[in-house]
Amino acid sequence: MDFLLSGMAACGACVFTNPLEVVKTRMQLQGELKAPGTYQRHYRNVFHAFFTIGKVDGLAALQKGLGPALLYQFLMNGIRLGTYGLAERKGYLSTDEGVLSPVRSAAAGALAGVIGAYLGSPIYLVKTHLQAQATSEIAVGHQYKHQIFPPQSWKAALAAAMVSGMAVVLAMTPFDVASTRLYNQPTDTHGKGLMYRGIFDALLQTARTEGIFGMYKGIGASYFRLGPHTVLSLFFWDQLRSLYNTYTK
């Protein structure tokens with residue numbers, strides 16, 4: 001659970017901080033192995049870089065490399081924080097007297113960080129390549145022409161749905177759990193529920209008796225259902241409209 005929670009927390013933060021990672025990558029590649037004053041500075045500072053990337057490459061470019069960035073954060077921080085949490089729970093960070101040892105804590109943190117960084121390094125490479133991609137007008141560093149999905153590919157739509165689905169599932173799962181339990185509760189002879197008075201009562205009782213995580217039961221199934229369901233719904237909708245327009249003309 002430590003691995004999963006720490007990985008999910010890092011992914012949530014990554015969605016908001018990835019634009020800064022794009023800016024950082026571009027600024028670090030700018031003027032690579034060139035003396036100051038001998039190259040054109042496309043990005044003068046953080047704020048100018050934000051504005052320039054958004055204006056020239058488009059606002060979506062500020063989230064370049066988000067897919068591998070999320071995977072990298074989940075893997076690296078999941079391993080790093082999860083391993084440290086596991087060592088702490090097992091008592092490896094404390095002395096025989098039960099006192100927390102700074103030396104052991106530092107060693108465990110360093111080891112967990114090394115393992116996470118090593119396993120996440122290939123994904124970081126892909127992320128950097130994607131974030132460096134830019135219009136020739138403001139391009140810096142070597143430009144790798146990676147293309148994860150062909151244009152208009154259903155795979156791109158599926159990937160986008162799975163990424164955006166994280167926020168949707170986190171927001172909606174408690175209400176989904178409550179509605180499932182409301183529909184499934186036993187009723188009296190008048191059809192009135194015997195366990196919950198309404199959705200907020202269901203949420204409150206669940207949180208009180210099962211804790212916060214009780215409100216997120218089935219979140220994995222919800223997440224892996226949402227992406228394909230969204231893509232397939234839109235795909236079938238588009239195809240049915242096309243058939244309708246074809247045979248009604």
Side-chain angles (χ1 to χ4, degrees), residues 6-84 106-153 155-167:
S6 56
M8 290 179 64
C11 285
C14 181
V15 173
F16 297 97
T17 60
N18 191 61
L20 286 166
E21 188 73 14
V22 174
V23 169
K24 176 188 74 70
T25 298
R26 301 277 184 96
M27 295 188 73
Q28 288 177 338
L29 291 173
Q30 182 171 241
E32 184 176 8
L33 296 181
K34 295 180 181 177
T38 62
Y39 60 88
Q40 183 179 358
R41 290 183 63 193
H42 298 299
Y43 313 111
R44 293 194 294 270
N45 52 54
V46 174
F47 303 106
H48 181 257
F50 261 106
F51 177 78
T52 301
I53 295 171
K55 179 182 178 182
V56 180
D57 283 344
L59 292 177
L62 290 168
Q63 285 290 12
K64 278 194 172 183
L66 180 60
L70 288 170
L71 182 57
Y72 171 75
Q73 289 294 333
F74 185 85
L75 182 63
M76 186 191 71
N77 285 293
I79 292 174
R80 185 172 62 180
L81 299 179
T83 302
Y84 185 86
L111 179 61
V114 168
I115 295 173
Y118 179 79
L119 295 177
S121 181
I123 306 169
Y124 195 92
L125 180 145
V126 175
K127 177 189 74 69
T128 301
H129 288 184
L130 293 175
Q131 291 177 338
Q133 286 180 350
T135 305
S136 58
E137 182 183 345
I138 57 170
V140 292
H142 183 76
Q143 294 292 293
Y144 285 92
K145 301 300 180 182
H146 296 307
Q147 189 175 32
I148 300 177
F149 303 117
Q152 307 302 319
S153 169
K155 295 178 182 178
L158 177 60
M162 295 303 285
V163 171
S164 62
M166 291 183 181

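When a residue number appears, it is its place in the shown sequence, counting from 1.
A side-chain donor-acceptor contact under 3.5 Å links Asn18 to the backbone of Lys64. Looking only at distances, no side-chain donor or acceptor of Ser121 sits under 3.5 Å from a matching main-chain atom of Ala117. Under a 3.5 Å cut-off, the side chain of Gln30 and the backbone N or O of His42 do form a donor-acceptor pair. At least one donor-acceptor pair under 3.5 Å links the side chain of Thr38 to the backbone N or O of Ala35. No donor-acceptor pair under 3.5 Å is formed between the side chain of Tyr124 and the backbone N or O of Pro68. Using modelled atom types, one side-chain atom of Gln133 and one backbone atom of Tyr144 make a donor-acceptor pair closer than 3.5 Å.
To the nearest 0.5 Å, atoms CE (Met27) and CG (Leu20) are separated by 11.5 Å. Taking CD of Glu21 as the start and SG of Cys14 as the end, the distance is 7.5 Å to the nearest 0.5 Å. To the nearest 0.5 Å, the span separating CG on Leu70 from SG on Cys11 amounts to 5.0 Å. Considering CZ of Arg26 and CD of Gln131, their distance stands at 8.5 Å, rounded to 0.5 Å. In this structure, CD1 on Ile138 lies 4.0 Å from CG on Asp57, to the nearest 0.5 angstrom. To the nearest 0.5 angstrom, Thr52 atom OG1 is 13.0 Å from Phe47 atom CZ.
Sparse packing is recorded around NZ of Lys55, with 12 or fewer heavy atoms of other residues, nucleotides or ligands lying under 6.0 Å away. For Tyr39, the OH atom is densely surrounded, since the number of other residues' heavy atoms within 6.0 Å is greater than 12.
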Dump the intermediate steps for side-chain contact (heavy atoms from CB on, under 4.5 Å) on Leu111 and Tyr84, then the final yes or no. CA-CA 9 Å; Leu111 179 61; Tyr84 185 86; over 6 Å; no
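Taking all atoms of both residues into account, the shortest heavy-atom contact from Arg41 to Arg44 is NH2-O, 2.8 Å. When every heavy atom of Leu29 is checked against every heavy atom of Ala132, the shortest pair comes out as CD1-CB, 3.6 Å.
Of the candidates Leu119, Val126, Ile123, Asn77, Ile123 is the only one forming a side-chain contact (heavy atoms from CB on, under 4.5 Å) with Tyr72.
A distance of 6.0 Å or more separates the ring centres of Phe50 and His48.
The side chain to side chain contact (heavy atoms under 4.5 Å, CB included) search around Leu125 returns His129, not counting sequence neighbours.
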